[in-house]
2 protein chains.
Amino acid sequence: MALQRRQRRRRPTIADVANAAEVSTGAVSYALNGRPGVTEQTRMRILAAATELGWQPSASARALVNSRSYAVGLVMSRAPDLLESDPFFPRFLAGVERALFEADHALVLQVVGTDEAREVECYKRLAAAHRIDGAFLTDLRLNDTRFQLAERLALPVVAVGQPDSGSECQWIAPDDAAAMDHVVRHLTALHHERIAFVGGPPAYVHSRHRQKGWQAALEQAGLSPGPVAVGDFTGPGGAAATRWILSSRRRPTAIVYANDLMAIAGMTVARQLGIRIPDQLSITGFDDIPLAGHLEPALTTVREDVTTWGRLAAELLLAVIEERPATVPRLGPPQLVVRDSTAPPAV
Amino acid sequence: MALQRRQRRRRPTIADVANAAEVSTGAVSYALNGRPGVTEQTRMRILAAATELGWQPSASARALVNSRSYAVGLVMSRAPDLLESDPFFPRFLAGVERALFEADHALVLQVVGTDEAREVECYKRLAAAHRIDGAFLTDLRLNDTRFQLAERLALPVVAVGQPDSGSECQWIAPDDAAAMDHVVRHLTALHHERIAFVGGPPAYVHSRHRQKGWQAALEQAGLSPGPVAVGDFTGPGGAAATRWILSSRRRPTAIVYANDLMAIAGMTVARQLGIRIPDQLSITGFDDIPLAGHLEPALTTVREDVTTWGRLAAELLLAVIEERPATVPRLGPPQLVVRDSTAPPAV
């Protein structure tokens with residue numbers, strides 16, 4: 001189908017106003033921004049022309065005057081599968097949007113894969129073109145090079161997660177370790193003693209925190225931490241990890257997963273092996289994805305208030321950009337959502 | 001925690017260059033954009049100052065000169081639950097990003113809920129501030145008022161879906177009706193004769209297309225379309241619809257769902273009622289979410305190439321914005337992914 005070429009109403013520009021008022025575009029800019037440099041008579045003529053043409057100040061004009069873009073950036077670096085299955089992204093965006101809308105800022109989004117060179121180029125382009133005044137850093141990694149990159153680019157950032165070290169940047173994150181402590185206490189209260197763990201990639205800071213919370217809670221309960229399998233937050237990864245754990249000689253009575261997708265894939269593997277959930281095996285997830293309550297059995301999991309996280313992260317980033325003093329607010333504690341996939345172990 | 005106030009390296013602005021070269025900012029603008037209005041000698045002095053200061057053209061400056069923002073907009077209007085559970089959004093963005101990255105355009109994203117007034121305000125703000133040169137319209141509704149809104153705002157748009165009528169805008173969409181035809185043929189080939197349907201909200205154009213495809217295929221097979229329940233694309237909606245369908249006197253042997261989330265919730269309801277899948281009831285979804293293959297039984301569903309859809313939609317939008325002639329490419333046909341949730345009906 002050929003593109004239909006339609007005459008569109010063109011928005012009036014500063015050049016149109018300048019033409020109409022018979023002045024230079026510089027004079028228009030001075031007049032419209034209330035700066036000295038034009039006579040009062042000229043200013044009135046320019047304002048009249050602008051009004052007649054229906055001219056409105058553009059974000060670009062505002063940005064040039066103030067050296068601000070009134071936009072913040074989010075570069076998501078994730079494998080497509082992970083981006084799709086994780087509720088973090090849309091929940092976080094919903095919160096960010098609320099704060100930005102109120103402050104009349106835009107969100108510039110880039111979705112790159114796991115190619116780090118492309119990720120770096122994204123930040124460079126955004127900063128060089130002054131498209132954004134600051135950025136969120138999500139999915140923090142160990143020794144995350146993005147902090148130095150942002151420093152080099154003079155780009156203010158807020159970390160959406162707790163940096164492991166070496167960065168002085170502002171951050172806000174829920175307490176993943178406390179959430180896992182909560183999960184393990186739930187299982188030990190049900191008298192589980194062999195509790196395995198299926199974690200995320202150890203290169204992510206939040207993977208580490210979740211595993212640390214699981215391990216610390218078990219040690220505090222006087223139990224030896226059971227087998228650990230490193231997953232990748234995807235369904236196939238969770239299934240493979242579960243197969244490995246369930247083939248061990250001393251099979252655990254419970255498996256704690258670092259996200260729901262791996263837990264659900266693990267439930268299917270257990271069922272295929274003829275292991276009944278929760279009678280013979282308790283399973284917990286992490287995220288509370290919309291499906292978690294609609295499975296059989298419904299999944300016991302952890303819910304964090306990611307929307308509030310997004311809102312507060314955006315408010316913090318605006319404060320950092322504007323060099324306003326700000327208090328980093330604390331997020332409420334993660335909630336354990338107890339459903340049917342956990343029960344006392346069969347004797 | 002008090003915000004740490006750090007001195008940041010400030011990016012040089014046109015004003016800094018003007019100061020260094022002892023000229024007006026207007027002269028800098030002329031020189032840097034290669035337009036007449038300054039002598040060659042002055043131009044050289046300005047370029048030397050810009051180079052020394054490390055000045056780089058900003059998107060704002062480029063935008064002011066060309067009356068372009070080099071960004072396109074996407075306003076997502078969805079209930080949070082729907083945004084989270086639907087793989088459309090991240091898959092689409094991954095494709096969009098590829099095309100925009102190559103064209104050095106940014107994506108400005110706003111996530112609003114289902115409040116139409118807020119949605120309208122979003123578009124108005126984006127257009128009035130010249131933040132975007134055009135926008136995608138997704139989740140098309142019947143008699144969608146956004147087409148007129150875009151017209152009023154002089155905002156070029158591309159529809160991500162097939163407008164029902166009344167709009168002459170460019171659009172690109174997979175063939176949902178053909179996909180459903182594919183699903184029903186699969187079921188009739190297995191000798192199902194009573195095939196029910198759980199649809200999405202009828203206010204969405206794609207809900208209509210999916211139902212139309214289901215109905216047309218049944219009629220063509222000489223079968224009378226079985227019970228229809230209107231869902232809302234969410235888990236609870238799918239569960240309620242399934243309960244209603246399974247309580248009918250002449251229970252269907254198969255249920256076709258308009259998305260995976262409703263199908264998975266429906267599978268749980270059937271199991272709770274003691275109905276075995278697929279022996280006593282075949283179930284099909286739509287979307288192929290990452291979990292679909294990791295359920296027990298794994299879900300037979302439809303996969304559309306949403307990432308390519310995103311890329312082509314972005315390329316089309318850029319052509320529309322630049323008033324270039326463009327051919328709307330066709331998307332490949334949707335794929336039926338046959339797994340274990342469908343089988344011949346028990347006799």
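Just so you know, these numbers come straight off a predicted model, no measurement behind them. The chains referred to below are lettered A, B, ... by the order of the sequence lines, with proteins before strands, and numbering in each begins at 1.
To the nearest 0.5 Å, the span separating CZ on Arg131(B) from NE2 on His105(A) amounts to 7.5 Å. Note: Leu261(A) CG to Ile289(B) CD1 = 8.5 Å, rounded to the nearest 0.5 Å. For the atom pair His294(B) NE2 and Thr234(A) OG1, the distance stands at 6.5 Å (nearest 0.5 Å). Separation of atoms CZ (Arg271(A)) and CG (Leu295(B)) is listed at 9.0 Å; rounding is to 0.5 Å. The CG atom of Leu93(B) lies 7.5 Å from the CG atom of Leu83(A); values are rounded to the nearest 0.5 Å. How far CD1 of Ile264(A) is from CD of Glu296(B): 14.0 Å, rounded to the nearest 0.5 Å.
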Leu107(B)/Val108(A) under side-chain contact (heavy atoms from CB on, under 4.5 Å): CA gap, chis, key distance, verdict: CA-CA 5 Å; Leu107(B) 177 69; Val108(A) 173; 6.0 Å; no

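Neither the backbone nor the side chain of Pro297(A) comes within less than 4.5 Å of any heavy atom of chain B. For a residue to count as touching a neighbouring chain, one of its non-hydrogen atoms must lie under 4.5 Å from one of that chain's; by this rule Phe101(A) touches chain B with backbone and side chain alike.
Closest approach of Val111(A) to Glu97(B), counting heavy atoms only: O-OE1, 2.9 Å.
Note on Met267(A), Arg118(A), Arg330(A): by heavy-atom pairs under 4.5 Å with chain B, the leading option is Arg118(A). Options Met76(B), Arg98(B), Gln110(B) differ in how many heavy-atom pairs under 4.5 Å they form with chain A, and the most are formed by Gln110(B). Listed options Pro87(A), Ala265(A), Gly235(A) were ranked by heavy-atom pairs under 4.5 angstrom with chain B; first place goes to Gly235(A).
Arg91(A) CZ: more than 12 foreign heavy atoms inside a 6.0 Å radius.
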